[in-house]
Amino acid sequence: MTERTEVLQPEPAVALARLLGVDPPDREDDGLPLLWHWVYLLDRPHQADLGPDGHPVRGVVPAPPAPGRRRMAAGGRVTRTGPLVVGRAATRRTEVVSTTDKAGRSGPLTFVVVRHTISQDGEVKVVEEQDIVYRDAAAAPTPATAATPAPPEADERVFPVDPTVLFRFSALTYNAHRIHYDRDYARDVEGYPGLVVHGPLQALAMAEAVRGTGAAVTAIDYRVVAPLFDHQGLVVRATSGGVSVRDHSGRVTATGQVETLTGERKAR
């Protein structure tokens with residue numbers, strides 16, 4: 001278990017707002033929107049502690065289960081129990097909840113559940129569980145495939161995921177995983193046809209789409225169901241019938257259940 005305490009300065013929230021194309025929170029009592037804590041209380045490992053893929057191999061929770069395993073975000077659950085206010089100190093406690101080994105189609109998989117508990121003024125404000133999966137290295141590069149674009153519907157929003165956006169989000173979250181900004185590494189080493197769009201960025205897109213309707217989002221349970229690459233685009237849909245992310249061809253890459261302050265649940 002690790003613990004980190006820091007004062008939540010306003011600049012990271014402003015930077016994230018500009019990346020997302022929204023206004024930063026302007027009322028202290030409202031606190032940070034759901035998932036915006038991802039730009040705070042970050043692990044900042046030494047450069048010498050990073051592995052070849054950019055992820056730290058020691059001194060953080062979780063540590064890779066074995067050398068050479070590839071890490072991907074599989075999903076998570078986040079609940080906001082109270083306002084996390086900028087300008088005040090907050091503490092994040094991180095611990096591994098479970099580790100499970102399974103056999104996948106591409107080889108052995110290790111699923112790790114990590115819990116973050118963020119407190120402020122002596123009260124728990126955010127409880128998060130992250131699902132992380134580790135897999136063996138890809139045997140060969142995966143070729144890119146062309147697909148017929150599916151124009152966005154009236155209830156959908158196109159979110160830009162070009163290399164600049166992915167780089168800036170990596171910088172904001174102190175995520176050095178090279179699959180998000182190093183195209184040669186992503187293609188030649190990990191076998192991807194493009195830069196990988198962060199699972200958390202897809203979750204943020206879903207939460208922000210609901211928040212954009214005027215709802216106060218208090219919880220999200222999201223699942224990354226397929227990899228999304230920068231050249232495929234990101235289209236987010238949030239209606240009374242569901243919340244999801246798809247690429248330009250219509251292939252769904254992330255789904256979620258979002259709860260608002262009124263208790264309304266948007267699921268897909």
>> Can a donor-acceptor pair be found, under 3.5 Å and without considering hydrogens, that links the side chain of Y181 to the backbone of A171?
In response: no
> Which pair of non-hydrogen atoms, one from L35 and one from A207, has the smallest distance, and what is that distance?
Replying inline: CD1-CB, 4.0 Å
>> Working note: I179 + M72, criterion side chain to side chain contact (heavy atoms under 4.5 Å, CB included); need CA distance, chi angles, decisive distance, verdict.
In response: CA-CA 10 Å; I179 62 174; M72 291 293 294; 3.8 Å; yes
> L19, L228: one ILVMFWY side-chain cluster at the under-4.5 Å cut-off?
Replying inline: yes
>> Quick check against the 3.5 Å criterion: does D247 have a side-chain atom that pairs as donor or acceptor with the backbone of S249?
In response: yes
> Considering only heavy atoms from C-beta outward, does the side chain of E3 approach that of R92 to under 4.5 Å?
Replying inline: no
> To the nearest 0.5 Å, how far apart are NE2 in H248 and NE2 in H231?
Replying inline: 10.5 Å
> Does one hydrophobic cluster hold both V196 and V224, with members joined at side-chain heavy-atom distances below 4.5 Å?
Replying inline: no
> Would D162 and R168 pass as an ion pair if we require N to O under 4.0 Å?
Replying inline: no
>> Before you tell me yes or no, could you show the steps for V124 and T117 under side chain to side chain contact (heavy atoms under 4.5 Å, CB included), namely the whole-Å CA-CA distance, both residues' side-chain angles and the distance that decides it to 0.1 Å?
In response: CA-CA 7 Å; V124 174; T117 305; 3.9 Å; yes
> Does H180 reach the side chain of F167, with side-chain heavy atoms less than 4.5 Å apart?
Replying inline: no
>> Less than 4.0 angstrom from a charged side-chain N to a carboxylate O is my criterion; do R178 and D53 meet it?
In response: no
> Are any non-hydrogen side-chain atoms of V126 and V78 less than 4.5 angstrom apart?
Replying inline: yes
> Any donor-acceptor pair under 3.5 Å linking the side chain of Y40 with the backbone of A13?
Replying inline: yes
>> Using only atom types and a distance under 3.5 Å, with no angle test, would you say the side chain of R71 pairs donor to acceptor with the backbone of Y134?
In response: no
> Is a salt bridge present between R44 and E6, judged by a nitrogen-to-oxygen distance below 4.0 Å?
Replying inline: yes
> Which atom names give the shortest non-hydrogen contact between P56 and P64, and what distance separates them?
Replying inline: O-CD, 3.7 Å
> Can V235 be reached from V252 by stepping across I, L, V, M, F, W or Y side chains whose heavy atoms are under 4.5 Å apart?
Replying inline: no
> So, for Q120 and A89, which heavy atoms are closest and what is the spacing to 0.1 Å?
Replying inline: CG-O, 3.1 Å
> Less than 4.0 Å between a side-chain N and a carboxylate O, is that true for E156 and R246?
Replying inline: yes
> Any ion pair linking E95 and R93 (charged N to carboxylate O, less than 4.0 Å)?
Replying inline: no
>> Does any part of the side chain of N175, heavy atoms only, come nearer than 4.5 Å to the side chain of F169, both counted from C-beta?
In response: no
>> Is the shortest side-chain heavy-atom distance between H55 and L50 below 4.5 Å?
In response: no
> Taking side chain as C-beta onward, heavy atoms only, is V14 less than 4.5 Å from R18?
Replying inline: yes
> What is the minimum heavy-atom distance between Q202 and V197, and which atoms define it?
Replying inline: NE2-O, 3.6 Å
> Would M206 end up clustered with V22 when hydrophobic side chains under 4.5 Å apart are linked, directly or stepwise?
Replying inline: yes
> Below 4.0 angstrom, N of the basic side chain to O of the carboxylate: do R237 and D155 qualify?
Replying inline: yes
> Where do D23 and A17 come nearest, in terms of heavy atoms and distance?
Replying inline: C-CB, 4.0 Å
>> Tell me the closest heavy-atom pair linking A203 and I220, and the distance in Å.
In response: O-CD1, 3.9 Å
>> Set out, in order, the CA-CA distance, both residues' side-chain angles and the distance that settles side chain to side chain contact (heavy atoms under 4.5 Å, CB included) for T79 and T218, then state yes or no.
In response: CA-CA 6 Å; T79 300; T218 58; over 6 Å; no
>> Just by distance, no angles: are the side chains of H116 and Q130 close enough, under 3.5 Å, to form a donor-acceptor pair?
In response: yes
> Distance from L109 atom CG to R135 atom CZ, nearest 0.5 Å?
Replying inline: 9.0 Å
>> Measuring from atom NE2 of H198 to atom OG of S170, what distance do you get when rounded to the nearest 0.5 angstrom?
In response: 3.0 Å
>> Using side-chain heavy atoms (C-beta onward) and a distance below 4.5 Å, is V61 in contact with M1?
In response: no
>> Can a donor-acceptor pair be found, under 3.5 Å and without considering hydrogens, that links the side chain of R80 to the backbone of L32?
In response: yes
> Are any side-chain N or O atoms of T260 and backbone N or O atoms of V217, one a donor and one an acceptor, separated by less than 3.5 Å?
Replying inline: no
> Hey, quick one: are L172 and L234 part of the same hydrophobic cluster, counting side-chain heavy atoms closer than 4.5 Å, chains of contacts allowed?
Replying inline: yes
> Under the side chain to side chain contact (heavy atoms under 4.5 Å, CB included) criterion, do H177 and E190 qualify, and how do the steps go?
Replying inline: CA-CA 11 Å; H177 198 178; E190 300 225 8; 3.8 Å; yes
> Just by distance, do the side chain of T253 and the backbone of A226 share a donor-acceptor pair under 3.5 Å?
Replying inline: no
> Does any N or O in the side chain of R4 come within less than 3.5 Å of the main-chain N or O of L42, such that one atom is a donor and the other an acceptor?
Replying inline: yes
> Hey, what do you get for CZ (R223) to OG1 (T255), rounding to the nearest 0.5 Å?
Replying inline: 8.0 Å
>> Classify the ring geometry of W38 against Y222: parallel below 30°, tilted from 30° to 60°, perpendicular beyond 60°.
In response: perpendicular
> Between Y174 and V39, is any pair of side-chain heavy atoms under 4.5 Å apart?
Replying inline: no
>> So, taking the atom named CD1 in I118 and the one named CD in E123, what distance separates them when rounded to the nearest 0.5 Å?
In response: 14.5 Å
> With no hydrogens and no angle check, is any side-chain donor or acceptor of Q232 less than 3.5 Å from a backbone partner on F229?
Replying inline: yes
> Are D136 and R70 close enough, and set up right, to give a salt bridge (Lys or Arg N to Asp or Glu O under 4.0 Å), and what steps lead you there?
Replying inline: CA-CA 6 Å; D136 287 344; R70 308 303 191 204; over 6 Å; no
> When rounded to the nearest 0.5 angstrom, what distance separates OG1 in T173 from CG in L201?
Replying inline: 9.0 Å
>> Between D230 (side chain only) and L195 (backbone N and O only), is there a donor and an acceptor less than 3.5 Å apart?
In response: yes
